[in-house]
Amino acid sequence: DKVTGGKLTAKAIIGEWNYSSPAVKLSSDDELSELAAAAATSTIQAKMVPYYEKVGIKAGMCKFVINEDGTFTSTFGSKTYSGTYTFDAKTNGLTLKYGSDYMDMGKMGTVPAFAYLNGDKLQIVFSMDKLLTVITTLGSNVSSLASVTQLLQNYKELKIGFEFSK
């Protein structure tokens, strides 16, 4: 993505994607921290699975269809929602706008997200920067969180969401 300025992602996200697991993206300006993030994300993802499953987000039950015409459909369990999207290749920003005819999702209006390719997987993640600030602030006052806090202070962004495969 860095080489193509996100243009590859813009084309590659088109299609039908089936939910496979939670997604976590930690980013930093430091290459060593980026390598550590790759190792930490799989552990974090595994810990998130039971929480996702409690609300019905599990493999085989959710999918996301992204169309070339700027429309999308998302299915969670037996509910299917549709709307429009825009993708900014430079920032990987994916803006989702659910239709107002879906009262529960339509109330959310425009949902800012990010789309990344991770090998042959699509990650749709949402910024958790405020959560990152809370964790690092609390961690500085709670000794049992000291190691987590120290790790997270190396990152400028925390994003959590969904990983899909075709």
Side-chain angles (χ1 to χ4, degrees), residues 1-66 72-77 85 87-96 108 111-166:
D1 252 2
K2 290 180 182 178
V3 174
T4 67
K7 290 180 180 145
L8 177 61
T9 300
K11 295 288 185 202
I13 65 173
I14 306 300
E16 183 173 315
W17 297 90
N18 296 298
Y19 172 78
S20 56
S21 68
V24 175
K25 182 126 177 96
L26 292 167
S27 56
S28 169
D29 294 328
D30 175 23
E31 289 292 322
L32 188 57
S33 293
E34 287 284 330
L35 290 172
T41 56
S42 61
T43 301
I44 297 168
Q45 285 173 300
K47 291 180 185 274
M48 292 169 59
V49 170
Y51 298 103
Y52 276 41
E53 288 179 349
K54 282 182 183 178
V55 295
I57 300 171
K58 46 183 124 178
M61 298 295 293
C62 305
K63 73 177 177 179
F64 215 90
V65 178
I66 301 174
F72 73 89
T73 304
S74 58
T75 302
F76 296 95
Y85 75 91
F87 180 73
D88 182 341
K90 290 181 183 169
T91 65
N92 286 78
L94 178 67
T95 304
L96 305 171
M108 294 193 316
V111 180
F114 298 88
Y116 298 97
L117 292 176
N118 182 15
D120 63 346
K121 309 269 187 201
L122 170 65
Q123 294 180 331
I124 297 178
V125 292
F126 308 89
S127 181
M128 297 283 130
D129 294 343
K130 286 186 176 37
L131 177 61
L132 181 61
T133 302
V134 169
I135 291 170
T136 55
T137 302
L138 287 175
S140 64
N141 298 318
V142 179
S143 60
S144 62
L145 292 177
S147 62
V148 171
T149 302
Q150 193 171 22
L151 171 71
L152 291 176
Q153 285 176 339
N154 294 324
Y155 303 100
K156 63 180 183 177
E157 289 183 300
L158 167 65
K159 296 175 184 140
I160 296 174
F162 313 100
E163 188 166 272
F164 299 88
S165 57
K166 280 194 174 182

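Heavy-atom basis, side chains included; hydrogens, waters and symmetry copies ignored.
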Minimum heavy-atom separation for Asn18 to Glu16, with atom names?
-> OD1-OE2, 4.1 Å
Please report the closest heavy-atom contact between Val125 and Gly161, naming both atoms and the distance.
-> CG1-N, 3.8 Å
Search all heavy atoms of Thr41 against all heavy atoms of Val24 and return the closest pair with its distance.
-> CG2-O, 3.6 Å
Heavy-atom closest contact (Cys62 atom, Ile57 atom, distance) = SG-CA, 3.9 Å
Nearest-0.5 Å distance that lies between atom CG in Asn92 and atom CG in Leu117 = 8.5 Å
Determine the sole option in Lys25, Lys121, Lys159 for which the side-chain hydrogen bond (donor to acceptor under 3.5 Å, both in side chains) test with Tyr116 is passed.
-> Lys159
Taking all non-hydrogen atoms of both residues, which atom of Pro22 and which atom of Gln45 are closest, and how far apart?
-> O-NE2, 2.6 Å
Between OH on residue Tyr85 and CG on residue Leu96, distance to nearest 0.5 Å = 10.0 Å
OG of Ser165 to CG of Asn118: how many Å apart, nearest 0.5 Å?
-> 11.5 Å
Which distance, rounded to the nearest 0.5 Å, do you find between the NZ of Lys63 and the OG of Ser20?
-> 15.0 Å
Considering all heavy atoms of both residues, which atom of Val111 and which atom of Phe126 are nearest to each other, and what is their separation?
-> CG1-CE2, 3.7 Å
Sole residue of Tyr52, Phe114, Phe64 in ring-ring contact (aromatic ring centres under 6.0 Å, His included) with Phe162 = Tyr52
Is it true that atom NZ of Lys166 has more than 12 heavy atoms of other residues, nucleotides or ligands lying nearer than 6.0 Å?
-> yes
